[in-house]
Amino acid sequence: MSRFTRTRRRALVTLAGVATVAATLTGPAQAAPKQEPFMLTEATVSGIHEAIASHHLTCVQLVQAYLNRIAAYDKAGPKLNSYITVSDQAVKRAASLDRSFARHGFTGSLHCVPVILKDNIDTADMPTTGGSKTLAGTYPKKNASVTQRLLEAGAVILGKGNMDEWAHGGSPGGGYSSVGGQTLDPYDLTRGPGGSSAGPGAAVGANLAATGIGTDTLGSLRGPAANNDLVAIKPTMGLVSGAGIIPFSLTFDVAGPLTRTVSDGAAMLSALTGVDSKDPRTKASAGHYSTDYTKYLKADKLSGARIGFVDNFNGGNTEIDAATQRALDTMRSHGATIVPVHLPDSLLSSASSVYATISDLEFKYQLADYLATRPKSVPVKTLADVIAQSSQPDFPISPAVLTRLTQAESRGSLTDPAYQQALATGPASFRNGIDSLLTANRLDGLVFPNATCPASAYPGSTATNTCKAVPSSTALASLSGYPSVTVPNGFTANGLPISLAFLGTAFSEPELIGLSYSFEQATHLRRPPASTPPLAPTTRGR
C-alpha cells in the first residue's frame, strides 16, 4: 500500500463525535445527518457542498472539526502558530447557516466554507493587528470589503492568521510578528512558511482551514504558496477591493486566495471581484471582472496553448530547475507549445529600486490614512507613533522590521521627484516588457518557477539556506500589476514543496486559471504535510 493511499484512508474522518453539538445548535426540527465518512483532510469547496447537500455533514460539524485540528496542531503538537486569533463566533455562524440551509438551501457560492484571513484584513468581530502589538486587542469599526463579500457568499471566518509585522519581513523564513511570534512551516518545522501571508499559508497547507485570503505586495501570497504546496491567485490590480485592509503600498497591494486546488481558488476569487466605491482602484475592473471563474476550469486548456518560458530565473536551485523542466515536458505532452523567452536583464535589475522607492514612501502616508479609520481608542495614529511604541525596551519586534519602519519614516513627501518618476515609469516598464513578450511571440501566458529557493530558515533554527542569488520572479506580477496563478510542482529530496507560476496580461485570470487547472489535473502534485495527519474520529458512524 502506498503512502498516499494510507494517508487517504486515514483521512476518512467520521464527524459523529460532534453530532451532539450540531443537534443542540441547529435545533430538533433538522433531521440528523447520515453518519458516513467525510474526507476532512484536503477537503474542497465542492466536496464540502456535496457532503452538506447529501446530509452527510452539517456546517457545525465541519467547523468544529477544523477547530479541533487547530487545537491539536496549531496550539499543541507541532505548534504551528498560524492563528493570531481563533473566532469565538465560528460555531454560532455555522449553526445559523445550518438553520438557513434547512429552510432555503445554500446561502451562497461559499456556503459553510471555513476561511482564515490574514490579520491585516479588517473584521468587526475580531481584532485586526497587522502583526503588531501596538494594535493588539483593537477592533476595526467594520468589516473589510473582502470580509463582507465572503460572509455574503456564506463563508465562515475561522480566525485571523499570523503575518510578517506590518508585512515588512523581519524573518528570512517569514511569519514572525510581535503579536503572534513565529509561525512554522508544516513541511519542515525548522523553517518559516514564507511571508508575509504566513499564517493563512501554513493553516491552509496543514488543513487547519479549508481556504485562506492573504495579501500580496511583492510575493506575499506567492511565497507562502510556494512553501506550503498551495495554489495562490494574485489578481490584476483593481480586480479585488483593498478597502479595510492595512496597506503597505496601494500601488502594489492586492488581496487574493490561498487554496489547495485551482478550483477552490477560482471559487474564492469569484466571490471577491467587482467595483467597490470604497476603493477607487477597482474602477479599472469595470467590464473585465467575472463573478464565476469556475467556468474557466478546463482540463484540456493546455492543448494548443502557446506558453512562454521565462528563462531568467534558472540557476537558483538545481532541484527547482529540474522540476521546472519536468513541468514544461508535461505541458508539451498535453499539446502546449513552449517558447523560450528572456526578459531584459536591465528591467529585472531595476525591480528593487522601483519597488523600494514607491512602497517605502507610500507606507508612511497610507498607514496614517488607514489608522484614521480605526476607533479613536487605538493607541497609534501614525507611523511615528508605531515606531515610538515599538522602540520601547522588551517590545518584541524584529530589529530588521524596526529598521525598515524607521527608514520609511524618514522618507520625503508624496511630491518627491524620485517617487513621482518611479511611479510614472516603473510599473509601466514592467507592463510593457511583459506585453511585448506576449505579443511578439503570440503567447497565451508566461510560465516560470514561483520561487528560486525552497523554504528558508527562520532565526535560531537548525536549517540551512544554500540557494544561489537569482532575480526574484515575484517582481513581474507585483510591479506590473498583472495576474499570476501559482500551482504545486513537486518536492525537493528533503520534502520541501516546489511551485510554478503562470502570468498574463491585465485581467487575464480566465486564461491563467484554465492553464493552471489543466496543469494541475495533468500532474496532481499537491500532498499534505506529515506533521499534521488526520485526527482519529471520536466515534464511528452507524
Side-chain angles (χ1 to χ4, degrees), residues 80 82 118 161 163-164 167 169 171-175 183-188 190-206 212 214-234 256-262 265 310 313-324 326-327 446-458 463 465-478 483-503 512 516 519-520 523 525-529:
L80 296 180
S82 62
K118 186 176 181 180
M163 57 179 286
D164 294 1
S171 167
T183 299
L184 304 182
D185 183 340
Y187 289 88
D188 183 342
T190 67
R191 298 179 186 272
S196 62
S197 304
V204 176
T215 62
D216 192 302
T217 308
L218 189 67
S220 295
L221 276 167
R222 291 159 287 156
N227 288 7
N228 296 281
D229 208 28
L230 297 176
V231 172
I233 300 180
K234 182 267 176 199
L258 280 164
T259 60
R260 293 183 292 271
T261 66
V262 177
V310 184
F313 310 112
N314 279 331
N317 179 275
T318 56
E319 290 183 287
I320 290 178
D321 291 346
T324 302
R326 288 193 295 271
L446 302 176
V447 70
F448 42 82
N450 177 51
T452 53
C453 290
S456 300
Y458 59 84
N465 301 323
T466 58
C467 288
K468 298 177 182 178
V470 296
S472 170
S473 61
T474 59
L476 296 185
S478 296
S484 182
V485 179
T486 297
V487 290
N489 191 32
F491 289 82
T492 65
N494 60 346
L496 296 177
I498 298 171
S499 65
L500 194 72
F502 291 88
L503 180 142
L512 299 182
S516 58
F519 176 77
E520 175 195 60
T523 56
L525 293 172
R526 156 77 192 173
R527 69 173 185 243

Between Ala232 and Ala225, the two heavy atoms sitting closest are CB-CB, 3.6 Å
Counterpart residues, side-chain contact (heavy atoms from CB on, under 4.5 Å), relative to Ala198 (two or more places apart)
Pro193
Tell me every residue that passes side chain to side chain donor-acceptor pair (under 3.5 Å) with Thr523, counting only those two or more places apart in sequence or in another chain.
none
In Å and rounded to the nearest 0.5 Å, what is the CG to CG distance from Leu218 to Asp216?
7.5 Å
Could you tell me whether a side-chain N or O of Ser484 sits under 3.5 Å from a main-chain N or O of Lys234, the two making a donor and an acceptor?
no
Please report the closest heavy-atom contact between Pro483 and Leu512, naming both atoms and the distance.
O-CD1, 3.4 Å
For Phe448, what residues pass the ring pair (Phe, Tyr, Trp, His ring centres under 6.0 Å) criterion, not counting sequence neighbours?
Phe313
Listed by chain and number, what are the side chain to side chain donor-acceptor pair (under 3.5 Å) partners of Asn489, not counting sequence neighbours?
none
Residue pairs fulfilling salt bridge (charged side-chain N to carboxylate O under 4.0 Å, His left out) with at least one residue in residues 484-493, sequence neighbours excluded:
none
Any donor-acceptor N/O pair, Glu319 side chain to Ala493 backbone, under 3.5 Å
yes
Can you sort out the partners of Lys118 under side chain to side chain donor-acceptor pair (under 3.5 Å), two or more places apart, ordered by chain and number?
Ser196, Ser197, Thr215
Looking at side-chain heavy atoms only, is the closest gap between Leu258 and Val231 below 4.5 Å?
no
Just verifying a value: how many Å separate Ile320 CD1 and Cys467 SG, rounded to the nearest 0.5 Å?
6.0 Å
Are the side chains of Leu230 and Arg526 in touch, meaning some heavy atoms are under 4.5 Å apart?
yes
CG on Asn317 to NZ on Lys468, rounded to 0.5 Å
9.5 Å
The criterion is side chain to side chain donor-acceptor pair (under 3.5 Å); which residues satisfy it with Thr474, sequence neighbours excluded?
Ser472
Kindly write out the residues that satisfy side-chain contact (heavy atoms from CB on, under 4.5 Å) with Pro186, not counting sequence neighbours, or none if the list is empty.
Leu80, Ala202, Ala206, Asn228, Pro529, Ser531
According to salt bridge (charged side-chain N to carboxylate O under 4.0 Å, His left out), does anything in residues 190-205 pair up with another residue at least two apart or in another chain? List the pairs.
Asp188-Arg191
What's the shortest heavy-atom distance between Thr259 and Gly265, and which atoms?
OG1-N, 3.3 Å
Has Asp164 got a side-chain atom pairing as donor or acceptor with Gly174's backbone, closer than 3.5 angstrom?
no
How many angstroms lie between CG in Asp229 and CD1 in Ile498, if you round to the nearest 0.5 Å?
9.5 Å
Tell me, do Tyr187 and Pro497 make a side-chain contact under 4.5 Å, heavy atoms counted?
yes
Heavy-atom distance under 4.5 Å between the side chains of Leu496 and Phe491, does that happen here?
no
Rounded to the nearest 0.5 Å, what separation is found between the OH atom of Tyr458 and the CG atom of Asp185?
10.0 Å
Atom pairs and distances, side-chain donor-acceptor, residues 449-456, under 3.5 Å, sequence neighbours left out:
unit_1	atom_1	unit_2	atom_2	d
Asn450	OD1	Thr486	OG1	3.4
Asn450	ND2	Arg222	O	2.8
Asn450	ND2	Ser499	OG	3.1

How long is the span from the CZ atom in Phe519 to the CG atom in Leu500, to the nearest 0.5 Å?
5.5 Å
